[in-house]
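One structure is given here, and the rest of the page talks about it.
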Amino acid sequence: MLLSGAVRILVVDDDLELNKLLSRYLERHGYQVSSAGDALQALDTLERERIDFVITDLMMPMLDGLAFLERLRADPRRKDLPVVFITAYPSDRKMEESLRKGAAFCLAKPVDFDRLLTIIRFAEG
């Protein structure tokens with residue numbers, strides 16, 4: 001369950017156009033959104049801001065989504081942070097691995113924004 005009050009979502013994707021589209025969509029639905037172009041920027045944002053929910057690409061440069069998730073789960077402050085993966089290259093193996101490592105959900109690109117919104121609202125409780 002997410003924290004009460006304004007829910008803060010971090011969107012992490014090296015596709016800047018998708019990053020902007022997701023951010024605007026979520027803001028129109030009442031969420032406060034921060035964005036990062038890669039997992040290292042996301043880790044920095046997580047140190048500076050209160051984030052309640054993460055939407056992240058699975059395939060990213062420098063640090064991929066699974067390595068990013070492993071770092072989140074290793075941090076006691078973020079071990080239960082809801083994370084949804086989005087990916088242009090869905091494979092059952094990668095999706096299964098992401099769920100096994102603690103992702104809340106994994107969506108294929110192109111992202112169904114309404115489905116994503118349903119997942120976020122479900123996580124809010």
Side-chain angles (χ1 to χ4, degrees):
M1 182 179 334
L2 299 180
L3 302 172
S4 60
V7 174
R8 295 194 50 83
I9 298 175
L10 176 60
V11 175
V12 187
D13 200 314
D14 58 320
D15 178 339
L16 298 181
E17 188 60 35
L18 177 59
N19 200 318
K20 288 178 189 177
L21 286 171
L22 274 171
S23 295
R24 279 188 242 138
Y25 177 82
L26 294 168
E27 287 169 347
R28 281 195 310 269
H29 284 87
Y31 297 97
Q32 294 180 6
V33 180
S34 294
S35 64
D38 62 54
L40 297 177
Q41 289 176 359
L43 290 168
D44 183 55
T45 299
L46 285 161
E47 286 301 318
R48 293 182 286 106
E49 299 178 26
R50 177 185 62 85
I51 299 295
D52 303 309
F53 196 94
V54 175
I55 300 165
T56 184
D57 193 2
L58 189 55
M59 304 292 288
M60 291 185 290
M62 295 183 280
L63 187 66
D64 73 8
L66 290 175
F68 174 57
L69 180 64
E70 286 175 2
R71 287 197 187 184
L72 293 179
R73 295 303 177 243
D75 183 339
R77 299 170 296 168
R78 298 184 183 93
K79 67 180 183 67
D80 296 321
L81 182 64
V83 174
V84 169
F85 280 114
I86 54 177
T87 183
Y89 307 101
S91 78
D92 291 341
R93 186 180 67 75
K94 282 287 189 188
M95 290 178 146
E96 184 179 298
E97 185 178 2
S98 70
L99 294 171
R100 190 173 57 251
K101 290 187 175 187
F105 211 84
C106 195
L107 292 172
K109 291 180 181 178
V111 177
D112 179 335
F113 286 19
D114 292 334
R115 186 172 185 199
L116 178 60
L117 187 61
T118 298
I119 292 166
I120 294 166
R121 287 180 174 159
F122 179 77
E124 287 181 84

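Taking CG of L107 as the reference point, atom OG1 of T87 lies at 10.5 Å (rounded to 0.5 Å). For the atom pair D38 CG and Q41 CD, the distance stands at 4.0 Å (nearest 0.5 Å). Here the CG atom belonging to L72 is positioned 10.0 Å from the CD atom belonging to E70, to the nearest 0.5 angstrom. Rounded to the nearest 0.5 Å, atoms CD1 (I51) and CZ (R8) are 5.0 Å apart. With values rounded to the nearest 0.5 angstrom, R24 atom CZ is found 9.0 Å from E27 atom CD. Remark: L63 CG to L43 CG distance equals 6.5 Å, nearest 0.5 Å.
Formation of a donor-acceptor pair under 3.5 Å by the D13 side chain with backbone atoms of N19 is not found in this model. No donor-acceptor pair closer than 3.5 Å links the side chain of D57 to the backbone N or O of M60.
Using a 4.5 Å heavy-atom threshold, the side chains of R78 and V54 count as separate. Using a 4.5 Å heavy-atom threshold, the side chains of L58 and L66 count as touching. Contact annotation: the side chain of L99 never approaches that of F85 to less than 4.5 Å [non-hydrogen atoms, C-beta and beyond]. Side-chain contact between I9 and H29 is absent, with no heavy-atom pair separated by less than 4.5 Å. For the pair I55 and V111, the minimum side-chain heavy-atom distance is 4.5 Å or more.
Looking at every heavy atom in both residues, Q32 comes nearest to A6 through NE2-CB, 3.4 Å. Closest of all the heavy-atom pairs between A36 and A42 is CB-N, 3.6 Å.
Residue pairs meeting the side-chain hydrogen bond (donor to acceptor under 3.5 Å, both in side chains) criterion with at least one partner in residues 112-121, sequence neighbours excluded, are Y25-D114.
Residue E96 places its CD atom among 12 or fewer non-hydrogen atoms of other residues, nucleotides or ligands, all under 6.0 Å distant. In the displayed structure, M59 atom CE is contacted under 6.0 Å by at most 12 heavy atoms of other residues, nucleotides or ligands. Within 6.0 Å of the CZ atom in F122, the count of heavy atoms belonging to other residues, nucleotides or ligands does not exceed 12.
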Before giving the answer on side chain to side chain contact (heavy atoms under 4.5 Å, CB included), spell out for T45 and V12 the whole-Å C-alpha distance, their side-chain angles and the decisive distance to 0.1 Å. CA-CA 10 Å; T45 299; V12 187; over 6 Å; no
Given the rule in the side chain to side chain contact (heavy atoms under 4.5 Å, CB included) test, do R77 and L46 qualify, once you have shown the distances and angles that lead to the verdict? CA-CA 10 Å; R77 299 170 296 168; L46 285 161; over 6 Å; no
Kindly determine whether L18 and K109 satisfy side chain to side chain contact (heavy atoms under 4.5 Å, CB included), including the steps that lead there. CA-CA 10 Å; L18 177 59; K109 291 180 181 178; 3.5 Å; yes
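Clustering ILVMFWY residues whenever any of their side-chain heavy atoms sit less than 4.5 angstrom apart, transitively, puts L21 in the very cluster that holds F53. Under the 4.5 Å side-chain heavy-atom criterion for Ile, Leu, Val, Met, Phe, Trp and Tyr, M95 and I119 are members of distinct hydrophobic clusters.
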